[in-house]
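Written below as C-alpha cells is the structure these notes are about.
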Amino acid sequence: MPLLLTSSSSSLRALPPPLAAASPRACVRVAASASAPDGVGATASGFPSFIPRAVQRIRDGAAIRLAKRIERVPVQTSFSGSPILSSCVRPLKQQQDADPIVLLHGFDSSCLEWRYTYPLLEEAGLEAWAVDILGWGFSDLATRPPCDVASKREHLYQFWKSYIKRPMVLVGPSLGAAVAIDFSVNYPEAVSKLIFIGASVYSEGPKDMTRMPKFVSYAGVFILKSLPLRFLATGLAFNKTPNEFFDWVQIGRLHCLLPWWEDATVDFMIRGGYNVIKQIKQRLHQELPDAILRQVRQCGHIPHVEKPREAAKLVLEFLERDKAEKADGASVTPVLTNG
C-alpha cells in the first residue's frame, strides 16, 4: 500500500500525545455556550444550524467558507439504534477515474483543520472529503453513542461503505495517523493509499481508566476545553505564532461547545484511546526501507494549516508519482514526507 507520511521538521515543538493534552496545566473551567438548534438547514448567516453560534465570532475567511459547507449525513452502525447524523464536507462532484481522498483530523479536532488545504486539493481536481471522526467534530451525538476506538473504526467504515464506496486515499494528521492505521489494518479493501502528516502513533494512549471515578475524567476534559490550555496547545503546534492566533484557537475549540463533547471525549479516554504500536511494522518509515522521507521546513506540527500550499503540493506529487508508476507497470515506492 503506497504511503506518504509527514511530520514536523521541528519535532521538539510537536504537540504532546493525547493524554498529555489533558494534563492539569490549567485550571479554568469554561462552560459550553449554547449552540444553534439542531437541523440540516442553514441559519440566516449561512452557517449550518447545528454549528455552535460562536462560529459567528470567527473572522478567518477560509474557516467561514468551509464551515458553511459542513453537513450531516446519516450513518447506520451496529452500536446505535438510529443512524448517527455525521458531519463532513462532501466534494462538489464525485469522480470515477481516480481514488477519492478522505481527510481525517487530529485528536479532539474537526474537519475545519483542513480549511486552507482542502480548497487547494479541490482546485487541483481531486475528489476530496473531510470527515469528522466519531466523538469529535460536529456530528449529532445526542443519543450518546460509544466513542471508543472500535466505535470510531466502525463508524468510519460505515461512512465509507454508504457514501464513498471505492478504495480511498486516507489522510491522517497527528492522532489521525493512528486512526488511519487502525482502520486500514481492519478494512484493507477500503484503502488504496495512506498519507500521514505529523504522525502521532507511538503513544500507548491513556490505557483503560474505566475504574477511575468519572468526576476525575470529566475534570480533565473540562481543562482540555479551557482557553488557557487551548492557547498553550495552539502555540506549541506551530513553528511561528500566526497573526490569526486567537482566531485559530476559536476554530480549534468550536466543536467543544456542542453539549455532548464532554461525554464523547470522556468515553474515548477512559476506554484507553489508540494504541497501534503492534500494527506499525506494516505502515511506518523504519519498516519500509524503500520509502522516501520529505520535510516541510520551518513548520510546526500541522503543516496543512501552517503551510497549506506546501502540504498540498506534496500530496499531489505523491498521487501523481503513484499514477505514473502504475502506468509504467513499475512497483510503487512508498513515499514518506516530513511536514
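It should be emphasised that the depicted structure is a prediction, and the values quoted were computed from it without experimental measurement.
- Side-chain atoms of Ser184 come within 3.5 Å of backbone N or O of Ile181 as a donor-acceptor pair.
- Listed for the Asp247 side chain is a donor-acceptor partner under 3.5 Å among the backbone atoms of Arg59.
- Taking a cutoff of 4.0 Å between a charged side-chain nitrogen and a carboxylate oxygen, Lys225 and Glu262 qualify as a salt bridge.
- Side chains of His255 and Asp132: no donor on one and acceptor on the other come within 3.5 Å.
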Practice problem: For the pair Leu257 and Trp261, evaluate side chain to side chain contact (heavy atoms under 4.5 Å, CB included) and give the outcome as yes or no after the intermediate values. | Solution: CA-CA 7 Å; Leu257 305 180; Trp261 174 82; over 6 Å; no
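- One N or O on the side chain of Lys307 and one on the backbone of Gln298 form a donor-acceptor pair closer than 3.5 Å.
- In this structure Ala63 satisfies the side chain to side chain contact (heavy atoms under 4.5 Å, CB included) test together with Ile58, Asp60, Arg115, Ile251, sequence neighbours excluded.
- Side-chain atoms of Phe159 and Leu134, non-hydrogen and from C-beta on, never get closer than 4.5 Å to each other.
- Rounded to the nearest 0.5 Å, atoms CD (Gln158) and OH (Tyr187) are 7.0 Å apart.
- Under a cutoff of 6.0 Å and an axis angle of 45°, Lys193 and Phe318 do not form a cation-pi pair.
- For the side chain to side chain contact (heavy atoms under 4.5 Å, CB included) test, residues two or more places apart in sequence or in another chain that qualify with Arg309 are Leu120.
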Quiz item: Checking side chain to side chain contact (heavy atoms under 4.5 Å, CB included) for the pair Cys111/Ile70: CA distance, chi angles, key distance, verdict?
Solution: CA-CA 8 Å; Cys111 58; Ile70 297 174; 3.7 Å; yes
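- Between the Ser174 side chain and the Gly106 main chain, no donor and acceptor come within less than 3.5 Å of each other.
- With no hydrogens or angles considered, no side-chain donor-acceptor pair links Asp140 and Trp260 at under 3.5 Å.
- Across every non-hydrogen atom of Cys88 and Val131, the tightest pair is CB-CA, 4.2 Å.
- Of the possible donor and acceptor atoms, one in the side chain of Gln76 sits under 3.5 Å from a partner among the backbone N and O of Ser80.
- Taking the charged nitrogens against the carboxylate oxygens, Asp263 and Arg144 do have a contact shorter than 4.0 Å, which makes a salt bridge.
- A cation-pi arrangement, defined by a distance under 6.0 Å to the six-membered ring centre and an angle within 45 degrees of its axis, is present between Arg72 and Phe50.
- Looking at heavy atoms from C-beta onward, Thr117 lies out of side-chain contact with Val305 at the 4.5 angstrom threshold.
- A distance-only check finds no donor-acceptor pair linking the side chain of Ser110 to the backbone of Gly137 [under 3.5 Å].
- In this structure, Phe238 has its ring center no closer than 6.0 Å to that of Phe245.
- In this structure, Arg253 contributes its side chain and Arg230 its backbone to no donor-acceptor pair below 3.5 Å.
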Self-check item: Full working for side chain to side chain contact (heavy atoms under 4.5 Å, CB included) between Ile195 and Leu170
Solution: CA-CA 6 Å; Ile195 297 176; Leu170 189 58; over 6 Å; no
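- Rounded to the nearest 0.5 Å, atoms CG (Asp267) and OG1 (Thr265) are 9.5 Å apart.
- Applying the ring-ring contact (aromatic ring centres under 6.0 Å, His included) test to every pair with at least one member in residues 62-94, sequence neighbours left out, gives no pairs at all.
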I'd like a table of donor-acceptor pairs (distance under 3.5 Å, sequence neighbours excluded) in which one partner is a side-chain atom from residues 310-317, with atom names and distances.
residue	atom	partner	partner atom	Å
Lys313	NZ	Glu317	OE2	2.6

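- Shortest non-hydrogen contact noted between Ser86 and Ser139 is CA-OG, 3.3 Å.
- Taking both residues in full, the closest heavy atoms of Arg69 and Tyr118 are given as NH2-OH, 3.5 Å, listed atom of the first, atom of the second, then distance.
- In this structure, the side chain of Trp114 engages the main chain of Leu104 through a donor-acceptor pair within 3.5 Å.
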Exercise. Might you work through the side chain to side chain contact (heavy atoms under 4.5 Å, CB included) test for Ile64 and Val55, ending with a clear yes or no?
Key: CA-CA 8 Å; Ile64 290 171; Val55 71; over 6 Å; no
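- Sorted by first and then second residue, the salt bridge (charged side-chain N to carboxylate O under 4.0 Å, His left out) pairs with a member in residues 153-176 read Glu127-Arg166, Arg153-Asp182; sequence neighbours excluded.
- Ser151 and Pro146 make their closest contact through CB-O, 3.3 Å (heavy atoms, listed as atom of the first residue, atom of the second, distance).
- Although no hydrogens or angles enter the test, the distance criterion places no donor-acceptor pair under 3.5 Å between the side chain of Glu122 and the main chain of Ala128.
- Scanning for side chain to side chain contact (heavy atoms under 4.5 Å, CB included) contacts around Ser109 gives His105, Glu113, with sequence neighbours left out.
- With a 4.5 Å cut-off on side-chain heavy atoms, His304 and Tyr116 do not count as touching.
- Ring-centre distance between Trp136 and Phe268: below the 6.0 Å cut-off.
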